[in-house]
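On a predicted model such as this, the values are computed, not experimentally measured, just so you know. Chain letters run A, B, ... following the sequence lines, proteins first and then strands; every chain starts at 1.
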2 protein chains.
Amino acid sequence: MPEAKSPNRYTLRDVARRAGVSLGTASKALNKSGTLRSETRDKVLLAANELGFRPNDLAQALHRGQSFTVGLISNDSFGRFTMPIMEGLETVLHEAGIALFMCNATDDPEREKRHIDQLLGKRVDGLVFTGRRADRRPAPGLALGNLPVLYVFSQSDEPDAACLLPDDEGGARLATEHLLALGRTRIAHVTGPEDFEAVRLRRRGYEASLSQVDPTLILHGPWSEAWGREAATRLLALPNRPDAIFAGNDQIARGIVETLRDKAIAVPDDIAVIGFDNWSVMAEASRPQISSIDMNLKSLGEEAGHRLIRMIRGESQGGTSRLPCTLVPRASTTTTP
Amino acid sequence: MPEAKSPNRYTLRDVARRAGVSLGTASKALNKSGTLRSETRDKVLLAANELGFRPNDLAQALHRGQSFTVGLISNDSFGRFTMPIMEGLETVLHEAGIALFMCNATDDPEREKRHIDQLLGKRVDGLVFTGRRADRRPAPGLALGNLPVLYVFSQSDEPDAACLLPDDEGGARLATEHLLALGRTRIAHVTGPEDFEAVRLRRRGYEASLSQVDPTLILHGPWSEAWGREAATRLLALPNRPDAIFAGNDQIARGIVETLRDKAIAVPDDIAVIGFDNWSVMAEASRPQISSIDMNLKSLGEEAGHRLIRMIRGESQGGTSRLPCTLVPRASTTTTP
DNA sequence: TTGAAAGCGCTAACAG
DNA sequence: CTGTTAGCGCTTTCAA
């Protein structure tokens, strides 16, 4: 019934026939394996070229027991954070000749299970999980045997799972120390919901950088500009106003900056502001533009690719590692840009 | 050398052995093909279950000449527009048991060629191209035979290529007519660079909705908030100010709204503003929130999936189709939200 | 109703 | 140095 045929009609046998050699010889020539006379090899390569021959990876994979594919399961419905990760991952894997299956599970365990099932059927060489929230997530229910599994921007409950995350705490320290270096003494922290591990880690980095923390300067709320505006208003009403604000993300930072602008409070002179994520459409559209912490997600994706390749080779084992963040200064913390 | 083994060690032969039947019988039982005694079938299914048997798609594909995979090649480096398209596409394909290879070409022809090559090697059943700019793009250089190829949010030069796009012109008409329905008479259009086909189409829709167009009210510039701010300033300096502005995207719209806010011009009472893209982080963070036109990209992706499946079945042929946009009214055009 | 066998396209071990 | 052959795991005639 399936009449559909791949565009490449030619098989190795066709190449061999055209080159006037045997099947095995053609295979050796194309895989540079065994020892052939260079004349014969050239004959085969020529024939292959003329025919536009392209080996059938399916057959290769079937034989070798390795498919040169990996699956990526995202729980962020391909959101803003997943994108650069995917990009870095795909680049590195592609260079290694590995193709990437994309699956979107959107935090639906049933969907995720079906995806894993499908990927196992396709005999992927590895699996990458990624998710919007870098919180602990349950290990996938299915038996994966010893299939390499990597969690990126996401974590597993299994003790020695391989996880790759940005160093949120370090990033927060970067931000806070940047503000301290400006000579600021009362630094507020307006951030996201406390049930995000990233929020807790960033807060910890912030607190660790200060000689003493003032709890009235720490405000949790949703990840939105509206919250940034509200929090700014609250901070301004304080008897002892902050002279700097470290925001948990760039949307909050932008809300803060806009409110300060509305009230004609100079940024950064009166109050310096720094965000997190370095989301350029936010940070650069704001007036003034917002300094931020970049999580280097593309590098995270690239590192994930390298690590997964090592795991597939059987070289590397699990464990959590965190990649450093980078400070991106802009006008909201620097008087002369 | 490749010692890597898939987690599923069990083969159909193992299942057959365990069920005490022949290989062929096991296959028939699992594929519900042929006619077997229900007793035998159950025996096989039981054995398969106990073993956690999962057929090897590679072997199936090799035999059937159909891989149940398709490739998606993005030129948007997995950007904001590609995401929802991917999401819709993946959902529909997954339901049909088809897995999606993700490739990022980023407008690099060489990279794109390598990706296509790899995908052909994997014997994909179809190919989807997508790109940030819905402009004409050259057909891929390689011979694809009669492999189904679909362009989504992107186009090909081949005359009868299958293309799926949002109806930009219709969307622009929706926006303009919405403003007209508010009783506005001087409607400006602040939009993106003229070399985008989408910009030209939206402008055409805008012009088509007006009884007479005033060229001084049409401004082209970059896709940024900064441009929105500048354009707004220019429009306000006009002797005969507009009473409504249709922006080419939500970033421009937001720049406009902010400038109006700065100058204490009431939105929508003095000047109504509508955007395009319905990018909620922009539209909903603005004060007031911005009405916009939604391109329904997720639906576009879903429709792409359905269409591609039809093409794979050999059912459907090429041609360009455009899917309708939707008006999403918010406070920037409606006095009582 | 079930079993045996051929073959999808390729690789690798073994002969010649 | 090159040809032959036996599979990888599955589906599908064709016999029994």
Side-chain angles (χ1 to χ4, degrees), chain A residues 1-45 47-48 51-68 120-123 125, chain B residues 1-45 47-48 51-68 120-123 125:
Chain A
M1 194 169 317
E3 197 49 52
K5 253 299 188 184
S6 54
N8 174 24
R9 315 205 64 78
Y10 297 108
T11 138
L12 188 55
R13 175 163 275 115
D14 297 324
V15 174
R17 213 189 317 267
R18 175 176 253 264
V21 298
S22 83
L23 195 87
T25 306
S27 171
K28 280 166 214 157
L30 290 169
N31 295 309
K32 311 183 200 322
S33 66
T35 93
L36 306 216
R37 206 170 23 167
S38 67
E39 195 191 329
T40 337
R41 157 163 312 159
D42 293 347
K43 214 165 42 176
V44 173
L45 292 178
L51 258 40
F53 170 74
R54 195 188 324 280
N56 186 331
D57 288 1
L58 267 35
Q60 274 185 182
L62 181 59
H63 181 92
R64 305 216 252 236
Q66 200 185 353
S67 64
F68 280 93
L120 290 179
K122 302 240 178 276
R123 296 301 188 263
D125 298 329
Chain B
M1 193 168 320
E3 197 49 51
K5 251 303 187 181
S6 51
N8 174 24
R9 315 207 62 80
Y10 297 109
T11 138
L12 188 54
R13 175 163 274 115
D14 297 324
V15 174
R17 216 189 314 269
R18 176 176 251 263
V21 299
S22 81
L23 192 77
T25 306
S27 170
K28 281 165 211 155
L30 289 169
N31 294 309
K32 311 181 201 321
S33 65
T35 96
L36 317 223
R37 210 169 19 166
S38 66
E39 196 191 327
T40 338
R41 157 163 314 159
D42 293 346
K43 215 165 41 177
V44 173
L45 292 178
L51 259 39
F53 169 75
R54 196 189 322 282
N56 185 330
D57 288 1
L58 266 35
Q60 274 183 186
L62 182 58
H63 181 92
R64 306 215 254 237
Q66 201 185 354
S67 64
F68 280 92
L120 291 178
K122 301 240 177 278
R123 297 300 189 263
D125 299 330

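In this structure, CD of A:Q66 is placed 15 Å from C1' of C:dC10, rounded to the nearest angstrom. Across the protein-nucleic acid pair, A:L30 atom CG and C:dA12 atom P stand 13 Å apart, rounded to whole Å. When the P atom of C:dC8 is taken as reference, atom CZ of B:R123 falls 14 Å away, rounded to whole Å. For A:Q60 and D:dC8, the CD to C1' distance is 13 Å, given to the nearest whole Å. Rounded to an integer number of Å, the gap from CG of A:L58 to C1' of D:dC10 is 12 Å. We find that NZ of B:K32 is positioned 16 Å from C1' of D:dT11, with the value rounded to whole Å. The separation between A:K122 atom NZ and D:dG9 atom C1' is 15 Å, rounded to whole Å. Going from atom CZ of B:R17 over to atom P of D:dG9 covers 11 Å, rounded to whole Å.
In this structure, the nucleotide among C:dG9, D:dT12, D:dC10 sitting nearest to the side chain of B:K28 is D:dT12. When the nucleotides D:dG9, D:dG3, C:dG9 are ranked by their closest atom to the side chain of A:N56, C:dG9 comes out on top. Out of D:dT11, C:dT11, C:dG3, the shortest distance to the side chain of B:T25 is found at C:dG3. Looking at the side chain of A:L23, the nearest of the listed nucleotides C:dT1, C:dC10, D:dG9 is C:dC10.
For A:R54 against B:R123, the heavy-atom pair with the smallest separation is O-NH2, 3.2 Å.
For the atom pair CD of A:Q60 and NZ of B:K122, the computed distance is 8.5 Å after rounding to the nearest 0.5 Å. In this structure, the separation between CZ on A:R17 and OG on A:S22 is 12.0 Å, given to the nearest 0.5 Å. Atoms CG and CD, on A:D125 and A:Q66 in that order, are 4.5 Å from each other to the nearest 0.5 Å.
Comparing B:R41 and A:G24 by the nucleotide of DNA chain C whose heavy atom lies nearest to each, the residue mapping closer to the 5' end is B:R41. Between A:L62 and A:G20, the residue anchored closer to the 5' end of DNA chain D is A:G20, taking for each the nucleotide with the nearest heavy atom. Taking for each of A:R13 and A:T35 the nucleotide of DNA chain D with the nearest heavy atom, the 5'-most of the two is the partner of A:T35.
Close to D:dC8, at under 4.0 Å from its OP1 or OP2, lies no side-chain N or O of B:T11. Between A:N31 and the phosphate of C:dT11, there is a side-chain N or O to OP1/OP2 separation shorter than 4.0 Å. Listed pair B:R37 / C:dT2 meets the phosphate criterion, a side-chain N or O lying under 4.0 Å from OP1 or OP2. Within the 4.0 Å cut-off from OP1 or OP2 of C:dT11, at least one side-chain nitrogen or oxygen of A:S27 is found.
For B:H63 against C:dG7, a side-chain N or O and a base N or O form a donor-acceptor pair under 3.5 Å.
Looking only at side-chain heavy atoms (C-beta outward), B:L30 and B:P55 stay at 4.5 Å or farther from each other.
Contacts of B:L36 with the nucleic acid, taken as non-hydrogen atoms under 4.0 Å apart, involve only primed sugar atoms and P, OP1 or OP2.
In terms of modelled atom types and a separation under 3.5 Å, the side chain of A:D14 and the main chain of A:T11 share a donor-acceptor contact.
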